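Okay, structure first, notes after.
Each chain gets a letter, A, B and so on, in the order the sequences are listed, and its residues count up from 1. This structure is a prediction, so every number in the text was calculated from the model and none was measured.
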Number of protein chains: 2
Amino acid sequence: MSQPQSRGPQLARFAALLADETRASFCLALLDGRAWTAGELARLAGVAPSTTSEHLSRLVEGGLLAEERQGRHRYVRLAGPQIAQLIEDLSGHAAPPPAPRTLGAASAGAAMARARTCYDHLAGRLGTAITDALLERGLLQGATGFSLTDAGLVWFRDLGVDLSSARRGRRPMARSCLDWTERRPHLAGVAGAALCRHALDAGWCVRIGSQRALRVSEDGQRALRDLLGVRVADLRDL
Amino acid sequence: MSQPQSRGPQLARFAALLADETRASFCLALLDGRAWTAGELARLAGVAPSTTSEHLSRLVEGGLLAEERQGRHRYVRLAGPQIAQLIEDLSGHAAPPPAPRTLGAASAGAAMARARTCYDHLAGRLGTAITDALLERGLLQGATGFSLTDAGLVWFRDLGVDLSSARRGRRPMARSCLDWTERRPHLAGVAGAALCRHALDAGWCVRIGSQRALRVSEDGQRALRDLLGVRVADLRDL
DNA sequence: CGATCGTTTCGGCCGGGGCCGAAGTGTCCG
DNA sequence: CGGACACTTCGGCCCCGGCCGAAACGATCG
């Protein structure tokens, strides 16, 4: 009747990293996939630089963040896609967010719900619409878990995106990520990241300000309609 | 530059549920997929019944556990496969467990590493070996995320397991679960659960005591060899 | 009914840890 | 070089929350 797994303490200490409001807000901000400086995060969370410094050290040591020192700046980013996935998953299981209090916050929230990045892939109504279209056209199959079909690989190649070279590492080609506004799955993994990168590179989408929210350009609307039959106009607020 | 996501507090409060050593040990114990009484968990963790009661209430309210009252007993179990998945994921990212201190703990740990259940599917070296065999024989494909092939569906049907009826709900047919002893993926999802259930029902595996560890029977060794080419003898301790 | 047992509620103790400001370190720039 | 800046370290404050024991509650069983 012994306790083979003394894993309780390990799990608790790991979860504790995210169990603080300030640290959680750091991680959510870093979900945009970029590297932030300590000072930016401090201002974001409204705490003293000294406090931020200690939090970041804990997160780095715990394996959630990776850091890069440049001169007098300390840049941090999420340690990898698995970490981003984990945080999104947890966030998806947490209680739904409270209703926004100000008009500005509400409209910013609406923009996020329409189209945004989720670490390195597309999310929001745009992300789920694209995923639905890929499924409908047989480019992605979802009956037994997301995976790209042969037609899907061809579709990506025609787009100018070479996925075969992306077989480095253990990251799955396609995986589903639960969207916390839609509560529905959308495409993540290598293919999701490649699609998002292409959408930004090709000018289909542009970032709104410095936020994660996206605006779909004229070009993008045309491309999405022609390639996938997605009509961006339908993504307007409900 | 407002903060559209006031999701930090939500995430922190959710993570806090697992950030306590006692609650974490409860959840890890419940990973065996069964329902435990409050008293059993109290004894397991070595805390007073009153303490346990409060912890369980918080876990239930937070959506991690489901409870069922029967007479003077309070049974709790994980709220669902998604929760089990989440806890396994977190556990997989946490620091590796310390080396066991006693001989008994070491041998129990070895048994767990050899073959065990992970919520409702098979894990340990047995789980990864079966997954490898399914991949090798083209019954499961993993290049673009786990999914069952047509041949795989037939294989399950020949086994007497009807997966097509299991299309209720949103649970994926096949998904990968990271093993925390092997640090390698193994088959989870509906198919993984069905296979585990079949292995137990058909007497391929029997539980060792009341633990999650499994022993493979003579019948099971024969079946695994004939059906998948898995040689259980190779799973002995390194 | 009374005894017992599993669980819950409450009050109180105590430690961990998040917070800040002040002082220190290293970097960049004029 | 000297000042500005980004970050870190340290000391101290304070509160949150995990813990227990005592007592209450409700189900079960003689």
Rounded distance (Å) that lies between atom [atom2] of [N] and atom [atom1] of [X]:
X: A:L41; N: C:dC19; atom1: CG; atom2: C1'; result: 17 Å
X: A:E21; N: C:dG17; atom1: CD; atom2: C1'; result: 15 Å
X: B:D20; N: C:dG15; atom1: CG; atom2: P; result: 17 Å
X: A:R13; N: C:dG17; atom1: CZ; atom2: P; result: 10 Å
X: A:L65; N: D:dC7; atom1: CG; atom2: P; result: 14 Å

Atom of [X], atom of [Y] and distance for their closest heavy-atom approach:
X: B:Y119; Y: B:A84; answer: CG-CB, 3.3 Å
X: A:H93; Y: B:I83; answer: CD2-CD1, 3.9 Å
X: A:V76; Y: A:E67; answer: CG1-CB, 4.0 Å
X: A:L78; Y: A:C27; answer: CD2-O, 4.3 Å

B:H55 side chain N/O closer than 4.0 Å to the phosphate oxygens (OP1, OP2) of D:dG17? no

Counting only side-chain nitrogens and oxygens, does A:R58 get under 4.0 Å of the OP1 or OP2 atom of C:dG18? yes

Where each residue is assigned the nucleotide of DNA chain C containing its nearest heavy atom, which of A:R23 and A:Q70 is assigned the position nearer the 5′ end? A:R23

5' to 3', nucleotides 4-14 of chain C under a 4.0 Å protein heavy-atom cut-off (B base, S sugar-phosphate only, - none) gives BBSSBBB----

So, do B:L187 and B:I130 sit near enough that their side-chain heavy atoms are less than 4.5 Å apart? no

Nearest-nucleotide pick for A:V47, side chain only, options being C:dG18, D:dC19, C:dC20: C:dC20

Does any donor atom in the side chain of B:T117 or B:R34 lie under 3.5 Å from an acceptor atom in the other side chain? no

